[in-house]
Amino acid sequence: MTTNSPSHKSFASDSPEMADYVMRTFKPEDPILAEVRKRAAESGLPPIHVSPYDGLILEVLARAANAKKIVEIGTLAGYSGICLARALPEGGVLHTFEFEPKHAKVAQESFVRAGVDHKVVIHQGPALNNLPGIERQGPFDLVFIDADKGNYPGYLHWAQKHLRMGGLALADNAFAWGLLAAPDSDPRLKEEHNRVAKAAIEKVNQTFADPTGPFRGAMIPTGEGLAIGVKRA
Ligand SMILES: C[S@@+](CC[C@H](N)C(=O)[O-])C[C@H]1O[C@@H](n2cnc3c(N)ncnc32)[C@H](O)[C@@H]1O
């Protein structure tokens, strides 16, 4: 039997041609999401939303989880929120948490324009303070963590307590911009906030990786690293 598959199985493809093929084939960004990205930039928001393709992965994962109740921590302009809300059936809800009032306002407009505003509740303020306000509506099917990195372990701890068994926890930027594999001499580690982010993300990855831990986890090798865990305890 012949095969073209190499004996060394790489972590992810680094072929730009394959990336082009996938984008052309799956067309992850429709005009609504493109408008959100443009309006967010025009409103002065930083371009730190998920990529179009990562947004599609979020929607597909939420559909696979048959999610009816989703929590998102870190709304920004609503880009990833729209992707998640699109996976919800009628009657489903996305609770999304955002610290900055300006971001929350832009996001509200995004949800209206995407026609998903009736499924979305924006909670403005520090997420760790506001999360207890929805606990009685749990357990939740999916929690997507994409806000201040130092609080990632706290967010994952909350998710573990309030996800249903078999529910999904997802954490974006799980490569910590490459810092996790960088030497201690990396100049970025001179900055306190990068050291804090690296340690916090490392802790989250360790929780997902622990074979006896509360999640069965893996790393999806997106450009930023999307850590995923299925709650099992
Ligand atoms: C990476 S962006 C979120 C991007 C968004 N998930 C997307 O892909 O479209 C992170 C957001 O988290 C917000 N944020 C930072 N600290 C926060 C906190 N303590 N509570 C809630 N939101 C916070 C920031 O203001 C920012 O809008």
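When a ligand or atom number is given, it counts from 1 through the structure's own listing order.
- A salt bridge between Arg39 and Glu109 is absent, with no side-chain N of the basic residue lying under 4.0 Å from a carboxylate O of the acidic one.
- In terms of protein heavy atoms, atom 7 (C) of ligand 1 is closest to Ser80 OG, 3.0 Å.
- Ion pairing between Arg195 and Glu192 holds under the 4.0 Å rule for side-chain N and carboxylate O.
- Looking at atom 18 (C) of ligand 1, its nearest protein heavy atom turns out to be Asp148 OD1, 3.5 Å.
- The protein atom (non-hydrogen) at minimum distance from atom 23 (C) of ligand 1 is Phe99 CB, 3.4 Å.
- Ranking the protein heavy atoms by distance from atom 11 (C) of ligand 1 puts Glu98 OE1, 3.6 Å first.
- At a heavy-atom cutoff of 4.0 Å, ligand 1 is contacted by the side chain of His103 but not by its backbone.
- In this structure, Asn130 does not count as a contact residue of ligand 1, since none of its heavy atoms falls inside 4.0 Å of the ligand.
- Side-chain contact check for Thr222 and Glu224: no donor-acceptor pair (N or O, by modelled atom type) lies under 3.5 Å.
- Heavy atoms of Ile73 found under 4.0 angstrom from ligand 1: none, in either backbone or side chain.
- A donor-acceptor pair shorter than 3.5 Å can be found between the side chains of Tyr79 and Glu29.
- Protein heavy atom closest to atom 1 (C) of ligand 1, with residue, atom name and distance, is Ile48 O, 3.2 Å.
- Ring orientation note: the planes of Phe215 and Phe208 are nearly perpendicular, at an angle over 60° on the 30°/60° scale.
- For residues 115-134, every residue pair satisfying the ring pair (Phe, Tyr, Trp, His ring centres under 6.0 Å) rule, not counting sequence neighbours, is listed here: His95-His123, Phe97-His123.
- The protein non-hydrogen atom at the shortest distance from atom 20 (N) of ligand 1 is Ala127 N, 2.9 Å.
- Assignment of Gly125 to the shell around ligand 1 is supported, since a heavy atom sits closer than 4.0 Å.
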